[in-house]
Amino acid sequence: MRLSLLMLAALVPAMPALAAETPELQRAVGAPQAVGAVHTLRQIPEACARLEGVFTGQAAEPYRFSAVSTSEQCRPRARFVDYAKAQPSADKGWKLNDVIRVPNAACPAQQAVVRVWRLPVNNTQALDGQGQSRIYLEEAKKQAAAGKIPQVTMFAAQLQVEGKACN
């Protein structure tokens, strides 16, 4: 009995680490992709972005991905930021949103893993007497001049290549 309580106490600090690694979205491993074939990893409509990736076939950089704008007419409600600058973590309020795994068709032992992080922001606006959310130009200009621009949700993505490289 005492031994099992000690084991349970030892596991309790590890529990938050496991919870932080569970993504908000669950998805199966993606279809294997050929070297040189550009493919979409994920759409992020609120940021007007699409994550694209490609296996390069090079040992130094076996996989490359980038965020691509989906449309010039799209008006983003969120931003996609550089992972290295943002350094997302659960301690900073970021949530692991998605883990995307893409196997290499030419090398089944290798796969690209893209972790997408999300920093949520609560932007609920006050409603007026008619139940409408209104933005008045002069008030918005004053807020912008004072540096009180409302924050938006942010996304960041991290790439890791797992497994052994094939010859």
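Rounded to the nearest 0.5 angstrom, T22 OG1 and K95 NZ are separated by 12.5 Å. Interatomic distance, S69 OG to F80 CZ, rounded to the nearest 0.5 Å: 12.5 Å.
Listed by chain and number, the residues in a side-chain hydrogen bond (donor to acceptor under 3.5 Å, both in side chains) with Q73 are S71 (sequence neighbours excluded). E162 is linked by a side-chain hydrogen bond (donor to acceptor under 3.5 Å, both in side chains) to R101, counting only residues two or more places apart in sequence or in another chain. For E24, the side-chain hydrogen bond (donor to acceptor under 3.5 Å, both in side chains) partners two or more places apart in sequence, or in a different chain, are N97, R118.
Residues V29 and P103 have side chains in contact (heavy-atom distance under 4.5 Å, counting atoms from C-beta outward). Using a 4.5 Å cut-off on side-chain heavy atoms (C-beta onward), Q110 and P62 make contact. R42 places a side-chain heavy atom less than 4.5 Å from the side chain of F155. With contacts defined as side-chain heavy-atom distances shorter than 4.5 Å, the pair V113/V99 qualifies. You'll find the side chain of V102 stays beyond 4.5 Å of the side chain of Q111, heavy atoms only.
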Under the side-chain contact (heavy atoms from CB on, under 4.5 Å) rule, what do R77 and V152 come out as? Steps first, then yes or no, please.
-> CA-CA 7 Å; R77 300 178 312 275; V152 296; over 6 Å; no
Take W117 and M154 through the side-chain contact (heavy atoms from CB on, under 4.5 Å) test and state the conclusion after the steps.
-> CA-CA 8 Å; W117 292 80; M154 291 190 286; over 6 Å; no
For the pair L51 and V116, evaluate side-chain contact (heavy atoms from CB on, under 4.5 Å) and give the outcome as yes or no after the intermediate values.
-> CA-CA 10 Å; L51 297 179; V116 180; 3.9 Å; yes
Salt bridge (Lys or Arg N to Asp or Glu O under 4.0 Å) between D98 and R115, worked out | CA-CA 6 Å; D98 199 358; R115 287 179 172 77; over 6 Å; no
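W94 and I44 are members of different hydrophobic clusters when ILVMFWY side chains are connected at heavy-atom separations under 4.5 Å. Residues L119 and L96 share a hydrophobic cluster, clusters being chains of Ile/Leu/Val/Met/Phe/Trp/Tyr side chains in contact below 4.5 Å. A continuous path of ILVMFWY side-chain contacts below 4.5 Å connects L159 to I100, so both sit in one hydrophobic cluster.
Summarising the geometry of P88 relative to Y83, their closest heavy-atom pair is CG-CE1, 3.3 Å, with the distance given to 0.1 Å. Pairing each heavy atom of Y63 with each of H39, the nearest pair is OH-NE2, 2.8 Å. Looking at every heavy atom in both residues, A106 comes nearest to V35 through CB-CG2, 4.0 Å. In plain terms, the two heavy atoms of C107 and A165 that are nearest each other are SG-C, 4.1 Å. Smallest separation of non-hydrogen atoms from F55 and A34: CB-O, 4.4 Å.
The pair R50-E52 meets the salt-bridge criterion, since a charged nitrogen lies less than 4.0 angstrom from a carboxylate oxygen.
With T153 contributing its side chain and P120 its backbone, the two residues share no donor-acceptor pair below 3.5 Å. K92 contributes a side-chain N or O that, together with a main-chain N or O of Q87, makes up a donor-acceptor pair within less than 3.5 Å. Remark: the backbone N or O of Q58 is not paired with any side-chain donor or acceptor of E61 at under 3.5 angstrom.
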